[in-house]
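Heads up: the structure comes next, in structure tokens.
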Amino acid sequence: MGLQRGRLFWPLLLLAAACSGILVALYSAVELHLGPRTGARNTTSSSRAFFGPKASNSRTRKNLLCQHPLSLAVQQHPRFRNLFNLSTPVLLSGDLFTQQLWDSLSQHKAPYGWQGLSHQAITSTLSLLNGSESARLFAVSRELLPGCIRCAVVGNGGILNGSCQGQNIDAHDYVFRLNGAVIKGFKNDVGTKISFYGFTVNTMKNSLISYSNVGFTSVPQGQHLRYIFIPSDIRDYTMLRSAILGVPVPEGTDKGDSPAPTGPSTATAPAPFTSPRSTTALAAPFTSIVGPRPQTYFGPDSSASKFKLLHPDFISYLRERFLKSKLINTKFGDLYMPSTGALMLLTALHTCDQVSAYGFITSNYQKFSDHYFDQTKKPLIFYANHDLSLEATLWRDLHKAGILWLYQR
């Protein structure tokens with residue numbers, strides 16, 4: 001028995017070292033020598049070959065010049081240079097609101113516009129997003145950020161379970177997470193760093209209910225964390241407004257919810273508003289679940305600088321140029337929109353210098369569970385409101401073009 005234990009000791013120690021980072025230096029040296037692998041056999045390689053060596057701190061990393069900026073890869077690609085418009089406004093702020101914008105977006109339903117939504121609801125929310133930070137993703141102007149901005153977007157795909165990618169994810173300058181971003185118990189695989197949390201109110205609340213048993217019991221919070229609202233319905237505007245003001249939601253599906261601790265607020269509350277449009281979701285499984293839920297979502301800091309709002313025109317641009325699904329011409333056409341993960345990944349691709357994607361659908365998705373935190377293996381479900389097959393094809397093509405790095409195994 002002693003001999004058998006001795007034979008097992010070294011393989012087990014080697015496996016533990018792979019996740020703990022003991023072998024990182026050797027592995028990184030090999031990758032930097034070989035260079036990035038962008039062909040079909042790119043499987044478990046680290047993103048360091050694409051993004052350069054991992055520095056000891058983010059300040060050092062930011063001073064490095066980009067060896068493979070995505071903007072250059074876009075310009076050199078015959079297909080994607082005609083699709084990308086990196087000057088497209090990503091976020092919507094009060095400074096961009098005009099009568100002309102209202103007239104234009106009123107022709108389209110959410111998330112692509114404001115058709116059927118209350119003018120006062122929209123204007124009272126946007127009036128609170130009137131600072132310069134509301135119009136940009138990063139705290140300062142992009143032109144003032146030094147060096148190369150490297151971003152990781154972390155989806156919730158089962159491919160991350162057992163991936164040992166946590167250290168690589170946290171090495172990026174900014175990390176995007178979304179919906180049920182479970183970290184407890186999965187730090188070795190998904191890391192702990194979070195810069196942006198993206199969601200619709202519906203996906204956020206359903207995640208809090210559906211994934212509470214695996215540790216997602218509250219929305220991520222932090223002093224430097226920023227929230228990216230996806231305006232899929234009127235409730236996203238009303239929740240955003242209440243979050244900035246630090247007051248309960250006055251009406252609608254989320255009436256009474258307190259997105260931030262109540263108390264004195266430095267913001268001035270616009271006049272109350274009413275909405276003519278029902279906020280009830282159109283079909284399961286997108287229906288918001290009514291029941292016990294946290295009364296505080298975004299923490300004590302309710303300043304407008306904590307919150308970002310995707311521009312409906314940006315979502316339309318993404319749909320028309322990158323994810324124009326055949327579902328649009330079916331009976332599910334009114335339900336269709338890019339997934340939360342797709343919107344966050346494409347947001348990063350329009351704001352960062354280099355982007356790596358973890359936990360996104362790959363060609364061998366059937367090998368993995370739906371989510372990395374699933375307690376038992378569950379198949380990926382293709383709902384009618386997203387076109388995950390089309391999204392998978394896009395990630396594959398962007399990876400081959402060297403515009404993003406997609407984690408595969």
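None of these values were measured; they are calculated from a predicted model.
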Intermediate values then yes/no, ring-ring contact (aromatic ring centres under 6.0 Å, His included), Phe229 and Tyr237: CA-CA 8 Å; Phe229 275 73; Tyr237 293 97; 9.1 Å; no

Verdict with supporting geometry, Val90 and Leu137, side chain to side chain contact (heavy atoms under 4.5 Å, CB included): CA-CA 8 Å; Val90 174; Leu137 194 67; 5.9 Å; no

Side chain to side chain donor-acceptor pair (under 3.5 Å) between Asn179 and Thr203, worked out: CA-CA 6 Å; Asn179 295 341; Thr203 62; 2.8 Å; yes

Side chain to side chain contact (heavy atoms under 4.5 Å, CB included) assessment of Tyr211 paired with Asn156: CA-CA 12 Å; Tyr211 311 134; Asn156 299 322; 5.9 Å; no

Side chain to side chain donor-acceptor pair (under 3.5 Å) assessment of Asn202 paired with Thr200: CA-CA 5 Å; Asn202 195 52; Thr200 70; 5.3 Å; no

Intermediate values then yes/no, side chain to side chain contact (heavy atoms under 4.5 Å, CB included), Tyr174 and Cys352: CA-CA 9 Å; Tyr174 297 94; Cys352 306; 5.6 Å; no

Stepwise side chain to side chain contact (heavy atoms under 4.5 Å, CB included) check, Leu240 with Leu128: CA-CA 9 Å; Leu240 174 56; Leu128 300 174; over 6 Å; no

Chi angles and distances behind the side chain to side chain donor-acceptor pair (under 3.5 Å) call for Ser232, Asp236: CA-CA 7 Å; Ser232 66; Asp236 297 290; 2.9 Å; yes

Check against ring-ring contact (aromatic ring centres under 6.0 Å, His included), Phe314 and His350: CA-CA 10 Å; Phe314 179 65; His350 283 75; 5.3 Å; yes

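The main-chain N or O of Pro89 is never found under 3.5 Å from a side-chain atom of His311 such that the two would form a donor-acceptor pair. Panel note: side chain Gln107, backbone Gln115; no donor-acceptor pair is recorded below 3.5 Å. Ser127 contributes a side-chain N or O that, together with a main-chain N or O of Ser124, makes up a donor-acceptor pair within less than 3.5 Å. Between the side chain of Arg226 and the backbone N or O of Ser305, at least one donor-acceptor pair lies under 3.5 Å. In this structure a side-chain-to-backbone donor-acceptor pair under 3.5 Å is present from Asn85 to Ser87. For His77 (side chain) and Val74 (main-chain N/O), no donor-acceptor pair under 3.5 Å exists by modelled atom type. Formation of a donor-acceptor pair under 3.5 Å by the Asp173 side chain with backbone atoms of Cys151 is not found in this model.
Here the closest heavy-atom approach between residue Asp374 and residue Ser369 is recorded as OD2-OG, 2.7 Å. Minimum interatomic distance between Ala73 and Ala401 (heavy atoms only, all atoms of both residues): CB-O, 4.0 Å. Closest approach of Val190 to Ile183, counting heavy atoms only: CG2-CA, 4.4 Å. Across Leu101 and Leu96, no two heavy atoms sit closer than the pair CD2-O, 3.5 Å. Closest approach of Leu129 to Ile244, counting heavy atoms only: CD2-CD1, 3.7 Å. Here the closest non-hydrogen pair linking Asp353 and Gly147 is OD2-O, 3.6 Å.
Between Phe373 and His371, the two ring planes are parallel [angle under 30°; tilted spans 30° to 60°]. The aromatic rings of Tyr227 and Phe307 sit parallel to each other, their planes meeting at less than 30°, with 60° as the upper class boundary. Taking the six-membered ring where tryptophan is involved, the planes of Trp102 and His119 are perpendicular, since the angle between them exceeds 60° and thus also 30°. Taking the six-membered ring where the residue is Trp, Trp114 and Phe97 present tilted rings, their angle falling between 30° and 60°. Ring orientation note: the planes of Phe360 and Trp395 are nearly perpendicular, at an angle over 60° on the 30°/60° scale.
Of the options Tyr372, Phe176, Phe186, Trp405, a ring-ring contact (aromatic ring centres under 6.0 Å, His included) to Tyr358 is made by Trp405 and by none of the others.
Two residues are said to be in side-chain contact when any heavy atoms from C-beta on lie closer than 4.5 Å; Leu404 and Val153 fail this criterion. Under the 4.5 Å side-chain criterion, counting only non-hydrogen atoms from C-beta, Pro69 is not in contact with Cys148. Side-chain contact between Leu327 and Leu390 is absent, with no heavy-atom pair separated by less than 4.5 Å.
Aromatic ring centroids of Phe199 and Tyr297 lie 6.0 Å or more apart.
Salt bridge annotation for Glu251-Lys255: absent, with no cationic side-chain nitrogen under 4.0 angstrom from a carboxylate oxygen.
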